[in-house]
Amino acid sequence: MTGALLRAMALLALTLPVAAVAARGPADLPPYSQAYQPQGTDERGLWMLADEDERELRDSKFLIDDPALQAYVAGVLCRAVGQDRCRGVRIYLVRVASFNANMAPNGTMQVWSGLLLRVRSEAELAAVLGHEFAHFELRHSLSGFRRQRSATDIAAWAAFLGQYGATVQQAAVGSFFQFNRDQEKQADLLSLKYAIQSPYSAQAAAHVWQRLMDEADATALGRKQRSQRYDRVAFFSTHPTNLDRATYLAALSADVAAKPEGAESYSAALAKWLPDFLSDQMKLNDFGGTEYLLSSLAGEHWTAPLLFARAELYRQRGNPRDLAAAADFYRSALAADPGLAEGWRGLGLCLMRNRQRTEGADALKNYIRLRPQAADIPMLQTMTGE
């Protein structure tokens, strides 16, 4: 028994988490090697897997085929991290409504449309892309793979330790997730170094996390759930809490000189895709979060696409008072853009459902006039009596 206890203690020592990243001000960027090649069996194996994943991603039906938008996002990344660092990155824009970006060890970066919808400026996009590139520069994929394998090996050995094995297994698993959280902090701090030496505001990263917390609160409220904003880090969490990240990023950037955000140029670059991304958001069945997102996007200026999306949101929920509100939003959208055919369609359906048949039929006739080849024309004509 004594020998088993000693072995358990020795294994437990191997699982101690890496030292937490100190909250010091960012220093100069480390030197960067552009022509890096994978070293050793582990890293070469990871690159081979990443290459295969990239081949599948390249042919995915979810890719956004827009060279102009892709070039714009790539330009933001290069201004964020520097031309020498971004040169070997291959960016893929993926039409998925969730907030996410990631980077593989071979230089493949994915940026999801839900992220593009939620950031408000070039500076905020640069902060997120810089964070993902920091993972790449720090070779976190390789170290994470090795750490996971070590934790798995320790857990397997712990199966032979009887009653002491449970403690060792728990420590091994906890160490792995703590290690991932430390990596996230390291990437946050390195991305802040990028921001300080870039043309963009260093305060933007904290703004992103603050709004994500507000959106999550709105989602929870809409679903009658408890807010997660102030929760402690869960045992199995791979990331610090959003509150933790927003707090230390705001503190570290507080004394950094303000620089441009690039909000107007970002809005212009995204304008073509905004209706499509908003349509994808509507399909998430998240009334509270979507209402918050639309209000955040609009600020004090509700454009026709945002008003239309808000009208669709209320019409889809479909309470009687929602239909009245939706009709007002459709009318406001059409006042801003009378040629918005889908707005006439939505208004007509909304009024028909609310028993305002004459006005509803007139609205649907406007849609039919603007979209004479639409597939739903025969169905709508039966509603208008034509």
Side-chain angles (χ1 to χ4, degrees), residues 64 66 68-69 72-73 76 93-101 111-129 200-201 203-223 227 229 242 246 260-317 322 325-337 339-340 342-343 346-347:
I64 298 173
D66 186 340
L69 183 61
Y72 174 79
V73 174
V76 172
L93 306 181
V94 187
R95 192 164 170 180
V96 180
S98 300
F99 182 97
N100 190 42
V111 181
W112 289 8
S113 57
L115 185 153
L116 296 175
L117 181 62
R118 284 166 173 78
V119 297
R120 299 288 175 271
S121 65
E122 288 187 11
E124 292 187 359
L125 178 61
V128 179
L129 299 185
Y200 295 124
S201 167
Q203 291 78 25
H207 298 162
V208 173
W209 295 113
Q210 288 285 355
R211 277 203 316 277
L212 286 177
M213 286 190 291
D214 291 341
E215 182 181 342
D217 280 352
T219 295
L221 181 62
R223 294 174 176 171
S227 168
R229 177 188 292 260
N242 288 352
E261 294 278 346
E264 292 183 1
S265 57
Y266 183 77
S267 178
L270 200 66
K272 172 184 173 182
W273 285 94
L274 182 61
D276 292 320
F277 294 169
L278 289 172
S279 177
D280 294 342
Q281 175 66 26
M282 295 296 144
K283 298 170 186 174
L284 297 181
N285 193 28
D286 178 9
F287 184 91
T290 302
E291 172 73 351
Y292 167 81
L293 180 60
L294 292 172
S295 298
S296 176
L297 283 166
E300 298 180 357
H301 179 57
W302 283 86
T303 63
L306 293 174
L307 285 165
F308 171 74
R310 197 180 192 191
E312 289 282 280
L313 178 68
Y314 277 76
R315 180 174 69 85
Q316 289 172 11
R317 191 167 70 169
D322 289 333
D328 287 341
F329 295 143
Y330 282 125
R331 292 188 183 100
S332 296
L334 290 165
D337 182 5
L340 184 62
E342 290 73 15
L347 176 61

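Please read all numbers here as calculations on a predicted model, not as lab measurements. The figures that follow rest on heavy atoms only: side chains count, while hydrogens, waters and symmetry mates do not.
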In Å, rounded to the nearest 0.5 Å, how long is the span from [atom1] of [X] to [atom2] of [Y]?
| X | Y | atom1 | atom2 | result |
| --- | --- | --- | --- | --- |
| Arg118 | Gln281 | CZ | CD | 4.5 Å |
| Leu306 | Leu313 | CG | CG | 12.0 Å |
| Leu293 | Leu278 | CG | CG | 7.5 Å |
| Gln316 | Thr290 | CD | OG1 | 9.0 Å |
| Leu297 | Tyr292 | CG | OH | 9.5 Å |
| His207 | Ser121 | NE2 | OG | 9.0 Å |

So, do [X] and [Y] sit near enough that their side-chain heavy atoms are less than 4.5 Å apart?
| X | Y | value |
| --- | --- | --- |
| Glu312 | Glu342 | no |
| Leu307 | Asp337 | no |
| Leu294 | Trp302 | yes |

Would you say the side chains of Glu124 and Tyr200 form a donor-acceptor pair under 3.5 Å?
no
Can you classify the ring geometry of Tyr72 versus Tyr266 as parallel (below 30°), tilted (30 to 60°) or perpendicular (above 60°)?
tilted
If I compare all heavy atoms of [X] with all of [Y], which pair ends up nearest, and what's the gap?
| X | Y | value |
| --- | --- | --- |
| Ala304 | Ala336 | CB-CB, 4.0 Å |
| Pro305 | Leu274 | CB-CD2, 4.5 Å |
| Asn100 | Leu115 | O-CD1, 3.5 Å |
| Leu270 | Leu116 | CD2-O, 3.3 Å |
| Gly343 | Tyr330 | O-CD2, 3.7 Å |
| Ser113 | Ile64 | CB-CD1, 4.2 Å |

Backbone N/O of Glu291 and side chain of Ser295: donor-acceptor pair under 3.5 Å:
yes
Tell me if a side-chain donor or acceptor on Ser267 pairs with a main-chain N or O of Ala263 at a distance below 3.5 Å.
no
Test Phe329 against Arg315 for side-chain contact (heavy atoms from CB on, under 4.5 Å), laying out the working first.
CA-CA 10 Å; Phe329 295 143; Arg315 180 174 69 85; over 6 Å; no
Within the supplied structure, the quantity of interest is the number of heavy atoms (other residues, nucleotides, ligands) at a distance under 6.0 Å from Asn285 CG; does it exceed 12?
no
Apply side-chain contact (heavy atoms from CB on, under 4.5 Å) to Asp66 and Lys272, showing your working.
CA-CA 10 Å; Asp66 186 340; Lys272 172 184 173 182; 3.6 Å; yes
Charged N-O contact under 4.0 Å between Asp328 and Arg331:
yes
